[in-house]
Amino acid sequence: MNSFFSQPTLQLAQSLIGMELVHESKEGITSGIIVETEAYMGPEDRAAHSYGGRRTKRTEVMFDQPGSIYMYFIYGMHVCFNIVSGPPGKPEAVLIRALEPVSGIALMEKRRYSSWKRSPAQARKIMHLTSGPGKLCQAMGLGLELYGSKMNKGPVFLKENKKIPASMIEAGPRINVHYAGEAAEYPWRFWLRGSPYVSKS
DNA sequence: CGTCTGATTAGG
DNA sequence: CTAATCAGACGA
């Protein structure tokens, strides 16, 4: 299973589509099928946090074993969940961008909407629970404390699910990496064809 | 130190 | 389209 994370990063990003991501937290279990990922290819990828081999407290974990968990805080208010890939010393990672909720949907709703500041009466739809990298972390209860821990050796792990044929996986440019020049065009975002849970815009 | 910015989201 | 909101990155 460790070899699963040792796949080349672009391949791993596609293999993850269709797998079930599970988080066993104190509050309860939540899980969802991964329907959207993005690959970040390390020192040569201008969109990557590890571009140019940048090695800081934040990016350090990307130099660790594949299957390590990279969490980061962004825009002053969101966290994102990534799985480190590439051999040790090659700082690559796969960002999990969207899930189709499976287990613990009530808990997901609670986590996302209980501290709702504005109109709580609005009917929120299940597609808004995990259809984005920040949303899924909130719904799944994935926080910065997971930084550096290992997939399948703690409260966060993958479950095999039904195999997704390659023809069901689409590829396109990554989201919000306009600062990355040419790299912004690379088709390193992958998603499950037709899934309503894929992030918008 | 000071300044800028971002692998986002929700609302208008 | 923009506000929200702040840690990290980097230059001085």
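Values below: every heavy atom of this structure, side chains too, minus hydrogens, waters and symmetry copies. Each chain gets a letter, A, B and so on, in the order the sequences are listed, and its residues count up from 1. Since we're looking at a predicted model, the values are computed, not measured.
Tyr147(A) and Met71(A) make their closest contact through CD1-O, 3.3 Å (heavy atoms, listed as atom of the first residue, atom of the second, distance). Closest approach of Pro101(A) to Met108(A), counting heavy atoms only: CB-SD, 3.9 Å.
A close approach under 4.0 Å does not occur between any side-chain nitrogen or oxygen of Lys200(A) and OP1 or OP2 of dA10(B). Dashed line: the shortest gap from a side-chain N or O of Asn176(A) to OP1 or OP2 of dA7(B) is not under 4.0 Å. Taking side-chain N and O atoms only, Arg189(A) has no distance below 4.0 Å to OP1 or OP2 of dA7(B). Note on Tyr179(A): a side-chain N or O is less than 4.0 Å away from OP1 or OP2 of dA7(B). Applying the 4.0 Å criterion to OP1 and OP2 of dA9(C), one finds that Thr56(A) has a side-chain N or O inside that range. Between Arg58(A) and dA7(C) there is no side-chain N or O to OP1 or OP2 distance below 4.0 Å. Side-chain nitrogen and oxygen atoms of Arg54(A) include none within less than 4.0 Å of the OP1 or OP2 phosphate oxygen of dG8(C). For the OP1/OP2 pair of dA10(B) and a distance below 4.0 Å, the side-chain nitrogens and oxygens of Arg112(A) include at least one atom meeting the criterion.
The stretch residues 73-83 of chain A touches DNA chain C through Phe73(A), Tyr75(A), Gly76(A), Met77(A), each having a heavy atom under 4.0 angstrom from the strand.
The distance between atom CD of Glu36(A) and atom P of dA7(B), rounded to the nearest whole Å, is 16 Å. Look at CD on Gln138(A): it is 10 Å from C1' on dT9(B), rounded to the nearest Å. As rounded to whole Å, 16 Å separates atom C1' of dT8(B) from atom CZ of Arg174(A).
Between the side chains of Lys135(A) and Ser131(A), at least one donor-acceptor pair of N or O atoms lies under 3.5 Å. With 3.5 Å as the limit, one finds a donor-acceptor pair spanning the side chains of Ser68(A) and Lys150(A).
Across all strands, Lys135(A) comes closer than 4.0 Å only to sugar-phosphate atoms, never to a base (heavy-atom distances).
Between Glu38(A) and Cys80(A), the closest side-chain pair of non-hydrogen atoms is not below 4.5 Å. You'll find the side chain of Leu21(A) reaches within 4.5 Å of the side chain of Met151(A), heavy atoms only.
Arg174(A) contributes no side-chain N or O that, together with a main-chain N or O of Tyr186(A), makes up a donor-acceptor pair within less than 3.5 Å. With Asn161(A) contributing its side chain and Glu20(A) its backbone, the two residues share no donor-acceptor pair below 3.5 Å.
In this structure, Glu182(A) places its CD atom where only 12 or fewer heavy-atom neighbours from other residues, nucleotides or ligands lie under 6.0 Å away.
Base pairing in DNA chain B yields stems of at least 3 consecutive Watson-Crick or G-U pairs, both distances under 3.5 Å, namely B:1-6 with C:6-11, B:8-11 with C:1-4.
Between the side chain of Tyr72(A) and the base of dA7(C), no donor-acceptor pair of N or O atoms lies under 3.5 Å.
Spacing between dG2(B) and dT5(C) at atom P, rounded to whole Å, works out to 22 Å.
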